[in-house]
Amino acid sequence: MHSVNTIKMTAFLIMNCAAIVAFLCSFTFGIKSEPQCPWRNGLACGGARPLLALTAFWAALMCYRFFLRKSDLARAAEALSAALRAEFSDRHNIAPSSSVAVVTPGPVPGSREVAMMRWGLVPSWARSPEANSPSLANARADSLETKPSFRAPFRRHRCILPAGGFFEWESLSGGRKQPWLFRRTDGAPLLFAGIWDQWKGSDGRHIESCAIVTTEPNSLVGALHDRMPVCLQPDEAIRWIETAEASAPGLASLLRPAPDPLLECFRVDPRMNSVRVDDPACLAPLSPPEDAPGDQLPLGLE
DNA sequence: CCAGACGTTGTT
DNA sequence: GTCTGG
DNA sequence: CCAGACGTTGTT
DNA sequence: GTCTGG
C-alpha cells in the first residue's frame, strides 16, 4: 500500500484545486479572501496568494550559508575588542545547525568575548531542540519586537556573528545552482547582527543558539535575493550588543541594508553547494577572467 | 484561574 | 517565555 | 541554503 | 513530491 503517500498527494491535489477554484472565483465573482490591500492590487492579494502559497514550485532564497576563517575572526575580535578564549578552525562553508563563533558582552561591563553557539535559534520554551524545523537561522528585523521567538532574545541577548562573507545562489536552467560569494570590498570581516537564546532540557542538556538578523537587500544582493543579513560597522556592532534593554527600540536604525559600496561579489565553484565541502577552494573566484571579481550580475539591477 | 499551544524562514 | 481558550 | 534520503513490522 | 541533516 502507498496509503501515506497517496493521502498526502491527494490532500495536495485537493488543496491546489481549492486554491485554483478560489483564484477563479476571486477573478470571476470578485470574491476576495482579504478585504483590503491598498498597497497592491486586489487580485494578487486576494486570489493569487492562496494559489501561490499552495503551489509547490517555488524557489526559496536567503542567507543560509557563510564562511569564517581564523584570520577573519581574529580581525573581527580585534575590531570589537573581544577576547578569544578558545581555539577555532577555518570554516569555508558554514550551514545552519553548525557551531559558530558569536561575540557577546563579557562578564566585566564593557568587555566582550567570543563564544560558540549553534546556528539556528531554539527558543527557551521549545519542547526540544529538534522541534525546530525548519530551523530559525534568520530573524527578520521587522519581527524582532513582535514574534515570541525573537522578542526576549532581542531585548536581552543580542550578539554579533563575524563572517568572512556569505553565499547566495542563482538558479540556472536545468535545476543547477550557481553560488555567489559576497564579501566586503575592503577585505575586512563582516559583522552580522544576531540574537541568541538559551535552552535547558530536563535531562541537563544546555544549548545556546543564535540567529542572523535580516533586512531588505541593497542593490548588489538584491540582484539575486530579496533579503540580506544586517551588516554592521564595528561601532554599530558594539552599540548593538551593549545597548541596555530599555533602549532596544532605538536600535532599529541599525537594521538597514548595507551601503552598496560595502560589498562585492563573484561566482564560486558549485562544488561548495554541498555542505560536506569545506575547503579554501570554496572561496576562490570561479575560473577564467570573465568571472573575476566585479563581474556584472546576470539579473539586472533595475 | 490553569492548561496547553505556541515559534520562524521562504514564497521565481 | 507569552498568549489564548475555556 | 543545498544535497540527499525517502519503505515496513512489532512494541509490557 | 517532502523532510532532514549539515
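Each chain gets a letter, A, B and so on, in the order its sequence line appears, and its residues count up from 1. Everything numeric in this text was worked out from a predicted model, so none of it was measured. Side-chain atoms are counted along with the backbone in the values below, which use heavy atoms only and exclude waters and symmetry mates.
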Next on the checklist: Does atom CZ (A:Arg271) have a neighbourhood of more than 12 heavy atoms from anything else shown, all under 6.0 Å?
Outcome noted: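 Atom CZ in A:Arg271 is packed in, count exceeds 12.
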
Next on the checklist: Taking atom CD as the centre, does A:Glu78 end up with more than 12 heavy-atom neighbours from other residues, nucleotides or ligands that are less than 6.0 angstrom away?
Outcome noted: no

How close or far is atom [atom2] of [N] from atom [atom1] of [X], stated in whole angstroms?
X	N	atom1	atom2	result
A:Phe167	D:dA3	CZ	P	13 Å
A:Phe150	B:dG7	CZ	P	11 Å
A:Leu172	D:dC2	CG	P	11 Å
A:Phe66	E:dG6	CZ	C1'	13 Å
A:Arg127	C:dG1	CZ	C1'	14 Å
A:Trp199	B:dG7	CH2	P	19 Å
A:Glu145	C:dG1	CD	C1'	16 Å
A:Leu121	C:dG1	CG	P	16 Å

Nearest-angstrom distance, [atom1] atom, [N] to [M]:
N	M	atom1	answer
E:dC3	B:dT9	C1'	15 Å
D:dT12	B:dC2	P	36 Å
B:dG10	E:dT2	C1'	15 Å

Checklist entry - Where does the angle between the aromatic ring planes of A:Phe167 and A:Phe67 fall among parallel (under 30°), tilted (30 to 60°) and perpendicular (over 60°)? => result tilted

Next on the checklist: Does the plane of the ring in A:Trp240 sit parallel, tilted or perpendicular to the ring in A:Phe154? Use 30° and 60° as the thresholds.
Outcome noted: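 Tilted: the ring planes of A:Trp240 and A:Phe154 meet at 30° to 60°.
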
Next on the checklist: Is there a side-chain contact between A:Pro234 and A:Leu191 in this structure, where contact means two heavy atoms from C-beta onward sitting under 4.5 Å apart?
Outcome noted: yes

Checklist entry - Does the side chain of A:Pro259 come within less than 4.5 Å of A:Asn218's, by heavy atoms? => result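 Heavy-atom side-chain distance check fails, nothing below 4.5 Å.
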
What's the closest nucleotide to the [X] side chain, out of [options]?
X	options	answer
A:Ser97	B:dG7, E:dG6, D:dC2	E:dG6
A:Val275	E:dG6, C:dG1, D:dC2	E:dG6
A:Arg140	B:dG7, B:dT9, C:dC3	B:dT9
A:Arg276	B:dG10, D:dC2, D:dG4	D:dG4
A:Lys177	B:dG7, C:dG1, D:dA3	D:dA3
A:Asp226	D:dC2, B:dT9, B:dT11	B:dT11
A:Ala126	B:dT9, B:dT11, B:dG7	B:dG7

Strictly below 4.0 Å: does [X] bring a side-chain N or O up to OP1 or OP2 of [N]?
X	N	answer
A:Arg176	D:dC2	no
A:Arg227	B:dG10	yes
A:Ser143	B:dT9	yes

Next on the checklist: Stacking between B:dC6 and A:Trp125, yes or no? Criterion: centroid separation under 5.5 angstrom, plane angle under 30 degrees.
Outcome noted: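 Yes, A:Trp125 stacks on the base of B:dC6, since the ring centres sit under 5.5 Å apart and the planes are within 30°.
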
Base, sugar-phosphate, or nothing for [X], non-hydrogen atoms under 4.0 angstrom?
X	result
A:Ser274	sugar-phosphate
A:Ala95	base
A:Pro96	base

Checklist outcome for this item: Those stems involving DNA chain D that have three or more consecutive Watson-Crick or G-U pairs, both distances under 3.5 Å, are D:1-6 with E:1-6

Checklist entry - Do we see a donor-acceptor contact under 3.5 Å between the side chains of A:Thr214 and A:Asn138? => result no

Checklist outcome for this item: Only residue of A:Arg65, A:Arg91, A:Arg118 satisfying side-chain hydrogen bond (donor to acceptor under 3.5 Å, both in side chains) with A:Ser98 is A:Arg91

Next on the checklist: Let's go through A:Phe192 and A:Phe66 carefully: what are the C-alpha distance in whole Å and the side-chain angles of both, what is the deciding distance for ring pair (Phe, Tyr, Trp, His ring centres under 6.0 Å) to 0.1 Å, and is it a yes or a no?
Outcome noted: CA-CA 11 Å; A:Phe192 296 150; A:Phe66 67 96; 5.8 Å; yes

